[in-house]
Amino acid sequence: MDVSMTLWVLTIVGLAALIAVDFFIGRKPHEVSIKEAGIWTVVWIVLAGLFGLALFYFDGAQPAGEFFAGFITEKSLSVDNLFVFVLIMTKFAVPAQYQQRVLLFGVLIALVLRAVFIAAGAAIIASFSWVFFIFGAFLIWTAWKLIQEARADHQDEEYEENKLLKAAERRFGVADRYHGTKLWIEENGKRVMTPMLVVMLAIGTTDVLFALDSIPAIFGLTQDPYIVFTANAFALMGLRQLYFLIGGLLKKLVHLSYGLSVILGFIGVKLVLHALHELGVHVPEISIPVSLAVICGVLVITTITSLIASRKQAAAEAAGGAGASKDSIDA
């Protein structure tokens, strides 16, 4: 796509306006209901759909297909991120009424930092076509790592603060309790961070770590920085509502990591084939319609098998509990 500076500015202003509306509506700390989360999740998905249709109308099927493939991929990877967000909320004991504020600012931090990642990635790709080999190999390695993690037992998994967060806590100090939505307070004559600011930084910086695989993944579907940025933006901005909507379902998506590993591995192979094609090697290239079909198909199959497995596990646990109760009565 030939994107003018005017379109870039209008897009960023439009996204900023949507974020402002989102903030204005949720500015009063409150516990988000399933109904509210569901409505806003639908709103963000509809807005993404309308944006994709606008791309189709003005620029054709190729950019629109790349956007939808990128958006679905980023959204599915974001769902996996929600597992870590739950761990962070638990680690810092964030009160329910403040969680939506934490996620709003955390996602905003992640969006700004991802924009930097995207700009850097676009510049590297424009200068060095061989970087596709690196991106492809990294995604295939990440896919294998996801499979290994899925096989491991993470029942007692806890969130570990990263070095940047620990350094900030040592440098500024942290208050011993939440002070509403305040980010800084005066304590013993010293300005210190509140747990609210710490958890916001934890959400934002952790999401950037996830960008290390999601950004190469979307560059495997499109090399257009405009599409990469907008797909990431729409996927991230609906993440806050998605957290409250499917929070209770996360534990039931037991095969999600396997599905994501297949998607990342597929895109990794696509990147390697593209890199070979750029070097003049006659290899088949995977089209966007095929990519979109594979991504959607894997997510649908993964969701169905996850729900079936979760139902069977729940039934087995119920049967085991009933058997234990019967044994205790007989004894």
Side-chain angles (χ1 to χ4, degrees), residues 31-46 48-49 68-69 71-91 94 96 99-100 103 142-159 210 213-214 217 235 238-267 291-331:
E31 189 170 349
V32 178
S33 66
I34 295 295
K35 180 181 178 181
E36 178 184 348
I39 291 173
W40 278 102
T41 296
V42 171
V43 167
W44 283 115
I45 292 176
V46 169
F68 283 120
F71 171 74
I72 293 171
T73 299
E74 293 298 313
K75 185 63 95 175
S76 60
L77 290 170
S78 295
V79 171
D80 194 41
N81 298 358
L82 294 181
F83 285 100
V84 180
F85 288 179
V86 170
L87 294 177
I88 292 174
M89 294 293 189
T90 303
K91 166 79 174 181
V94 181
Q99 289 185 7
Q100 51 100 17
L103 288 168
T142 302
W144 172 249
K145 185 179 177 184
L146 274 176
I147 292 176
Q148 296 298 102
E149 290 177 353
R151 290 177 176 177
D153 184 9
H154 294 294
Q155 295 297 320
D156 300 321
E157 185 177 1
E158 294 183 1
Y159 170 73
F210 285 116
D213 52 37
S214 66
L239 190 58
R240 180 169 67 96
Q241 290 80 10
L242 198 61
Y243 171 87
F244 295 104
L245 181 64
I246 69 172
L249 295 176
L250 286 176
K251 292 182 179 179
K252 295 183 179 181
L253 299 177
V254 293
H255 296 159
L256 179 62
S257 292
Y258 291 106
L260 293 178
S261 69
V262 172
I263 292 173
L264 291 179
F266 168 77
I267 298 175
S291 299
L292 194 54
V294 170
I295 292 167
C296 292
V298 169
L299 290 176
V300 169
I301 293 172
T302 299
T303 301
I304 293 173
T305 59
S306 292
L307 295 178
I308 292 174
S310 296
R311 190 176 296 114
K312 288 182 177 179
Q313 182 179 358
E317 290 176 352
S325 299
K326 185 178 182 300
D327 291 341
S328 63
I329 292 174
D330 293 341

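Quantities reported herein were computed from a predicted structural model and do not represent experimental measurements. Only heavy atoms go into these numbers, but all of them, side chains included; no hydrogens, no water, no symmetry mates.
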Looking at residues at least two apart in the chain, or sitting in another chain, which of them share a side chain to side chain contact (heavy atoms under 4.5 Å, CB included) with Ile304? Val300, Ile308
Counterpart residues, side chain to side chain contact (heavy atoms under 4.5 Å, CB included), relative to Thr302 (two or more places apart): His255, Val298, Ser306
Between the main-chain N or O of Met89 and the side-chain N or O of Gln99, is there a donor-acceptor pair closer than 3.5 Å? no
For the side chain to side chain contact (heavy atoms under 4.5 Å, CB included) test, which of Val43, Ile45, Ile39 pairs with Thr41? Ile45
Please name the pair of heavy atoms, one in Leu77 and one in Ala217, separated by the smallest distance, quoted to 0.1 Å. CD1-CB, 4.5 Å
Evaluate the side chain to side chain contact (heavy atoms under 4.5 Å, CB included) criterion for residues Ile147 and Ser257: first the C-alpha distance (whole Å), next the side-chain angles of each, then the deciding distance (0.1 Å), finally the verdict. CA-CA 7 Å; Ile147 292 176; Ser257 292; over 6 Å; no
So which heavy atom on Ala143 is nearest to which on Gly265, and how close? CB-N, 3.7 Å
Straight-line distance of Tyr258 OH to Thr305 OG1, nearest 0.5 Å: 10.5 Å
Closest approach of Leu299 to Thr303 (non-hydrogen atoms, all atoms of both residues): O-OG1, 2.8 Å
Can you measure from OG1 (Thr142) to CG (Leu264) and round to the nearest 0.5 angstrom? 6.5 Å
Where do Val262 and Val294 land on the side chain to side chain contact (heavy atoms under 4.5 Å, CB included) test, with the steps shown first? CA-CA 9 Å; Val262 172; Val294 170; 5.5 Å; no
Between the CZ atom in Phe68 and the OG atom in Ser291, the distance rounded to the nearest 0.5 Å is 15.5 Å
Work out which heavy atom in Ser76 is nearest to a heavy atom in Ile263; give both atom names and the distance. OG-CD1, 4.5 Å
Check Phe71 against Ala235 and note the closest heavy-atom contact, atom names and distance. CE1-N, 3.7 Å
